[in-house]
Amino acid sequence: MIEPVSTSAVAAKPPVHIAIIMDGNGRWAKARGLPRVAGHQRGAEAARAAVRACRELGVRYLTLYAFSSENWKRPVAEVEDLMSLLRYYLRREVGELEAQGVRLRFIGSRERLAPDIVTEIEAAESRTRHNEGLVVVVALNYGSHEEIVHAARSLARDAAHGTVRPDDIDETMFAARLSTDGIPNPDLLIRTSGEQRLSNFLLWQAAYAELVFVNANWPDFTRESMESAIAEFHRRDRRYGASRG
Ligand code: IPE
Ligand code: IPE
Ligand code: MG
């Protein structure tokens, strides 16, 4: 099926990898006098729509920051609401995503996650592992500092065992120990809700990502918002440290 493409900027080659900090669910709910969980529910629907938009636009990788390693600081009831929503979407969506050719990957520590969630995410990864369409990377209990420390520890362990020579450690070897091994670095990193910070998200990988900060709260992020962010990306001049060509 040929999908309608509404702007010429979007018709241009889309970014290979879009990463999103889906922020502002709580403020969306508060502005409407609703409980925070209502914002998270609408946020989950917005994530679903973002996956669809990326599939239709020909994006290859979409990374969604769903829960940070610092989000455990929130009230237990809110954490439980977020985990329940995750369970619900894993059960409801994985079959359809599998049929659509989407490959699912989860990054972040599995240590504090409930065993049934770990089972679901492992099943989702293995069911979709042969798919060749959009790769959706869900950052769940993810934090860059933890990820980088983990990589350093694993290289140090190998060095102590004599299987890695410290002088051989380079950027490629280091990146291969991160949870994003095999995934190209994000080209475009979007954060909603007007906040302009990375909150421990993809600190290594986003070294040369174009950052786009959107004022809308995440539940209000639409396909049009995605297209505008991509259009903004196309207006940027990516130099990677070189002089202007
Ligand atoms: C993003 O929305 C969802 C998660 C961090 C899980 P928030 O819950 O952070 O919403 P605000 O920032 O409080 O509005
Ligand atoms: C970042 O949002 C994490 C996710 C969107 C999952 P936060 O709302 O947790 O970030 P801070 O606390 O405002 O930096
Ligand atoms: Mg927030």
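Please read all numbers here as calculations on a predicted model, not as lab measurements. Counting convention: from 1, in listed order, for ligands and their atoms alike.
The protein non-hydrogen atom at the shortest distance from atom 2 (O) of ligand 2 is Arg191 NH2, 3.6 Å. Residue, atom and distance of the protein heavy atom nearest to atom 8 (O) of ligand 1 are Arg74 NH1, 2.7 Å. In terms of protein heavy atoms, atom 5 (C) of ligand 2 is closest to Met22 O, 3.5 Å. The protein heavy-atom contact nearest to atom 9 (O) of ligand 2 is Asn71 ND2, 2.9 Å. Looking only at protein heavy atoms, the nearest one to atom 3 (C) of ligand 1 is Asn25 ND2, 3.5 Å. Counting only heavy atoms of the protein, atom 13 (O) of ligand 1 lies nearest to Arg36 NH2, 3.0 Å. At the shortest separation from atom 6 (C) of ligand 2 among protein heavy atoms lies Tyr65 O, 3.3 Å.
By the criterion of a heavy-atom distance under 4.0 Å, neither the backbone nor the side chain of Glu195 is placed next to ligand 1. In Asn217, neither the side chain nor the backbone holds a heavy atom less than 4.0 Å from any atom of ligand 1. Counting heavy atoms under 4.0 Å from ligand 1, residue Ala66 touches it through the backbone alone.
Although no hydrogens or angles enter the test, the distance criterion places no donor-acceptor pair under 3.5 Å between the side chain of Asp23 and the main chain of Ser193. Under a 3.5 Å cut-off, the side chain of Glu210 and the backbone N or O of Asp187 do not form any donor-acceptor pair. Between the side chain of Asp170 and the backbone N or O of Met173 there is at least one donor-acceptor pair closer than 3.5 Å. Checking side-chain atoms of Thr180 against main-chain N and O of Ile183 turns up no donor-acceptor pair under 3.5 Å. Using a distance-only test at 3.5 Å, with no hydrogens or angles considered, no donor-acceptor pair links the side chain of Asn141 to the main chain of Arg110. In this structure a side-chain-to-backbone donor-acceptor pair under 3.5 Å is present from Trp218 to Gly43. Of the possible donor and acceptor atoms, one in the side chain of Tyr65 sits under 3.5 Å from a partner among the backbone N and O of Tyr142.
For the pair Arg236 and Glu232, the salt-bridge criterion is met [side-chain N within less than 4.0 Å of a carboxylate O]. Note on Asp158 versus Arg177: salt bridge recorded, some NZ/NE/NH1/NH2 to OD/OE distance being below 4.0 Å. The pair Arg129-Glu125 does not meet the salt-bridge criterion, since no charged nitrogen lies less than 4.0 angstrom from a carboxylate oxygen.
Within the structure, salt bridge (charged side-chain N to carboxylate O under 4.0 Å, His left out) pairs that include any residue of residues 58-78 comprise Arg36-Glu78, Arg74-Glu78 (at least two apart or interchain).
At least one N or O atom of Asp23 sits closer than 3.5 Å to an N or O atom of ligand 1.
Within ligand 1, counting atoms from 1 as listed, the ones closer than 4.0 Å to a heavy atom of His40 are 3 (C), 8 (O). Close contacts between ligand 2 and Arg197 involve ligand atoms 11 (P), 13 (O), 14 (O) [criterion: under 4.0 Å to a heavy atom]. Close approach of ligand 2 to Phe67 (heavy-atom distance below 4.0 Å) involves ligand atoms 6 (C). Using a 4.0 Å cut-off to heavy atoms of Arg27, the atoms of ligand 1 that qualify are 11 (P), 12 (O), 14 (O).
Looking at residues two or more places apart in sequence or on another chain, you find a side chain to side chain donor-acceptor pair (under 3.5 Å) between Asp116 and Arg87.
Looking at Ser199, Gly26, Gly194, it is Gly26 that brings a heavy atom closest to atom 10 (O) of ligand 1.
Within the protein, the N, O or S atoms lying under 2.8 Å from the Mg ion (ligand 3) are Asp23 OD1.
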List the atom pairs, with distances to 0.1 Å, where a side-chain N or O of residues 90-100 and a protein N or O form a donor-acceptor pair under 3.5 Å, not counting sequence neighbours.
residue : atom : partner : partner atom : Å
Arg91   : NE   : Glu120  : OE2          : 3.0
Arg92   : NH1  : Tyr88   : OH           : 3.1
Glu93   : OE1  : Arg48   : NE           : 3.1
Glu93   : OE2  : Arg48   : NE           : 2.7
Glu96   : OE2  : Gln100  : NE2          : 3.2
Glu98   : OE1  : Arg127  : NE           : 3.0
Glu98   : OE1  : Arg127  : NH2          : 2.8
Gln100  : OE1  : Arg55   : NH1          : 3.4

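Ligand 1 has no atom lying under 4.0 Å from any heavy atom of Lys30. At least one heavy atom of Gly24 sits closer than 4.0 Å to an atom of ligand 1.
Taking CG from Leu34 and CG from Asn25, the interatomic distance works out to 12.0 Å, rounded to the nearest 0.5 Å.
In this structure, a donor-acceptor pair under 3.5 Å is absent between the side chains of Arg112 and Ser69.
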